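Below is one structure, written out as structure tokens, with a few remarks after it.
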Protein chains: 2
Amino acid sequence: MFLSKSFGYALRGVLYVALIHKEGRKVQLDEMADKLKVPRHFLAKIMKNMVKEGVLNSTKGPYGGFSLHESTLKTKLISLVKLTDGMAQFNTCVLSLRKCNNENPCPLHLNMLKIRDGMLAEFSSKTLGDLLDEKNPDFIKSISTIA
Amino acid sequence: MFLSKSFGYALRGVLYVALIHKEGRKVQLDEMADKLKVPRHFLAKIMKNMVKEGVLNSTKGPYGGFSLHESTLKTKLISLVKLTDGMAQFNTCVLSLRKCNNENPCPLHLNMLKIRDGMLAEFSSKTLGDLLDEKNPDFIKSISTIA
DNA sequence: TCATTAAAAGACATCTATATCTTTTTTATT
DNA sequence: AATAAAAAAGATATAGATGTCTTTTAATGA
């Protein structure tokens, strides 16, 4: 796996909130879990973390739910990765060699560096808003249909 | 993680056998587990699989151990990945969407395709022999020193 | 043929990511 | 103030990757 399931849930979750935001309403967990076909309680944990990190807003109580934060659409994809998977994977030798670095590279060091830097560049430049701009006609369907 | 620990153990294991092969001798599990600082029985499982898939030779009994197969140095890195991690990661949508494809792409489809294809190309062209040719002065040290 | 060596095989254990359940806290409405 | 709604928080459960142990099989040499 390149990225964890948690990352996938987080991204689909925040994009769903963004889509519903255009309709001028908040989103609640039950609706999200249902529409995105994601385990409710597991999604709750992930959404909570996004709120804590300032990627989303939430309000408790009746008519509460999740809504966009000023920063949501400006959030880089890499921030989501950091939140769900951590950044260790970009700095850890695939052969688990502690002393692997540019001066003392393992046999795969350069190969992996290239791949990782490509991914890092991609995810460091793209924002959540960018994904919404690249209009996919079946966008809402695409982030919903897991089955 | 981009690749599993099993993959790292497999690669270091087979490269170690290749190095010792130049000294004209076979290698036994105890020596490998010791030198590579890898759990003996777990390494055994991985080595066994490589033998089964024809990446390495082995002989039982006294003076037995692991040795090179004609195909060892010609083995593509991707074959090792296939053996330890499987290929699903290259074909599965990171958002876990079953219907994600070129016709009906998820918001990250193109981004991931680029990254994956880069990795696939890299690992499909490089062989174990290539890694040994790119002479790293501290090569043996580098695949051994995990601590 | 017998003892010894070493890999093969399979059963068992642990650890981490994933998933679920229950209780607590906050907010809104009456 | 009382009730209800919904997220937050924390405890518990499951599954898959990782790691360990024991038994079996095959090869060697005396």
Side-chain angles (χ1 to χ4, degrees), chain A residues 1-10 12-14 17 20 25-34 36-67 69 81 83-86 88-89 92 94-96 146, chain B residues 1-10 12-14 17 20 25-34 36-67 69 81 83-86 88-89 92 94-96 146:
Chain A
M1 278 289 195
F2 285 83
L3 291 166
S4 71
K5 283 196 181 183
S6 294
F7 170 80
Y9 294 162
R12 291 204 284 141
V14 67
V17 172
I20 300 301
R25 64 181 177 90
K26 291 174 183 164
V27 190
Q28 291 166 9
L29 261 182
D30 284 328
E31 174 183 343
M32 297 183 64
D34 183 51
L36 302 182
K37 305 275 199 321
V38 164
R40 187 196 185 286
H41 295 282
F42 194 46
L43 182 60
K45 203 176 283 186
I46 294 166
M47 296 299 289
K48 182 193 66 178
N49 285 336
M50 288 200 282
V51 170
K52 197 171 66 178
E53 297 299 324
V55 174
L56 279 174
N57 268 328
S58 73
T59 54
K60 295 180 179 183
Y63 301 96
F66 297 95
S67 55
H69 189 274
V81 174
L83 194 138
T84 57
D85 300 39
Q89 57 185 326
T92 311
V94 280
L95 302 186
S96 313
I146 196 178
Chain B
M1 276 291 191
F2 283 84
L3 293 166
S4 71
K5 283 196 181 183
S6 294
F7 170 80
Y9 294 161
R12 292 203 286 140
V14 67
V17 173
I20 300 302
R25 64 181 177 90
K26 289 173 182 163
V27 191
Q28 291 167 10
L29 261 181
D30 285 329
E31 175 182 342
M32 298 183 62
D34 182 51
L36 302 181
K37 304 274 199 323
V38 164
R40 187 196 185 286
H41 295 283
F42 193 46
L43 182 60
K45 202 176 286 187
I46 293 166
M47 296 299 288
K48 182 192 65 178
N49 285 335
M50 289 199 281
V51 170
K52 196 171 67 179
E53 298 298 324
V55 175
L56 278 174
N57 269 328
S58 72
T59 54
K60 297 180 177 182
Y63 303 95
F66 297 95
S67 55
H69 189 274
V81 174
L83 195 138
T84 56
D85 301 41
Q89 57 187 324
T92 312
V94 281
L95 302 187
S96 312
I146 195 177

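Just so you know, these numbers come straight off a predicted model, no measurement behind them.
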Please give, in whole Å, the distance from [N] [atom2] to [X] [atom1]?
X        : N       : atom1 : atom2 : answer
Ile46(B) : dA17(D) : CD1   : P     : 13 Å
Tyr9(A)  : dT20(C) : OH    : P     : 8 Å
Glu53(A) : dA7(D)  : CD    : P     : 19 Å
Arg40(B) : dG19(D) : CZ    : P     : 16 Å
Glu31(A) : dA6(D)  : CD    : P     : 11 Å
Leu29(A) : dA6(D)  : CG    : C1'   : 8 Å
Lys26(A) : dT27(C) : NZ    : C1'   : 10 Å
His41(B) : dA17(D) : NE2   : C1'   : 18 Å

Do you know the tightest heavy-atom contact between Met32(B) and Leu43(B)?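 Answer, listing the atom of Met32(B) first, then Leu43(B): CB-CD2, 3.8 Å.
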Can you give me the closest heavy-atom contact between Thr84(A) and Ala10(A), atom names plus distance?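 Here Thr84(A) and Ala10(A) meet closest at CG2-CB, 3.8 Å.
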Closer than 4.0 Å, any side-chain N/O of Thr59(B) to the OP1 or OP2 of dA7(C)?
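Answer no for this pair, as no side-chain N or O of Thr59(B) is under 4.0 Å from OP1 or OP2.
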*Respond yes when some side-chain nitrogen or oxygen of Lys5(B) is under 4.0 Å from OP1 or OP2 of dG19(D), and no when none is.*
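So the side-chain polar atoms of Lys5(B) do come within 4.0 Å of the phosphate oxygens OP1 or OP2 of dG19(D), strictly under.
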TODO: Map Ala44(A) and Ser6(B) onto DNA chain D by nearest heavy atom, then report which one ends up closer to the 5' terminus.
DONE: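 First, find each residue's nearest nucleotide; the 5'-ward one identifies Ala44(A).
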Exercise for review: Identify the residue among Arg40(A), Lys37(A), Arg25(A) that makes a salt bridge (charged side-chain N to carboxylate O under 4.0 Å, His left out) with Glu31(A).
Suggested key: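 Of Arg40(A), Lys37(A), Arg25(A), salt bridge (charged side-chain N to carboxylate O under 4.0 Å, His left out) with Glu31(A) is met by Arg25(A) alone.
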With respect to the side chain of [X], which nucleotide from [options] is positioned closest?
X        : options                  : answer
Lys48(B) : dT20(C), dA8(C), dA7(D)  : dA8(C)
Pro62(A) : dA8(D), dT27(C), dT18(D) : dT27(C)
Gln28(A) : dA6(D), dG29(D), dA8(D)  : dA6(D)
Lys45(A) : dA19(C), dA11(C), dA8(C) : dA19(C)

Note to self: Reading DNA chain C from 5' onward, which residue's closest nucleotide shows up sooner: Pro39(A) or Met47(B)?
What the structure shows: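 Closer to the 5' end of DNA chain C: Met47(B).
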Go nucleotide by nucleotide along DNA chain C from the 5' end; which of Lys60(A) and Leu43(A) gets its closest nucleotide reached first?
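The residue whose closest nucleotide sits nearer the 5' end is Leu43(A).
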Using a heavy-atom cut-off of 4.0 Å across all strands, would you classify Lys52(B) as base, sugar-phosphate, or nothing?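 No contact.
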Query - Sub-4.5 Å side-chain heavy-atom contact between Tyr9(B) and Ser4(B) - result: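 When only atoms from C-beta onward are counted, Ser4(B) and Tyr9(B) do not touch, as no gap falls below 4.5 Å.
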Looking at Asp85(A) and Leu3(A), would you say the former's side chain and the latter's main chain have a donor-acceptor pair under 3.5 Å?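 Side chain of Asp85(A) to backbone of Leu3(A), a donor-acceptor pair under 3.5 Å: no, none is there.
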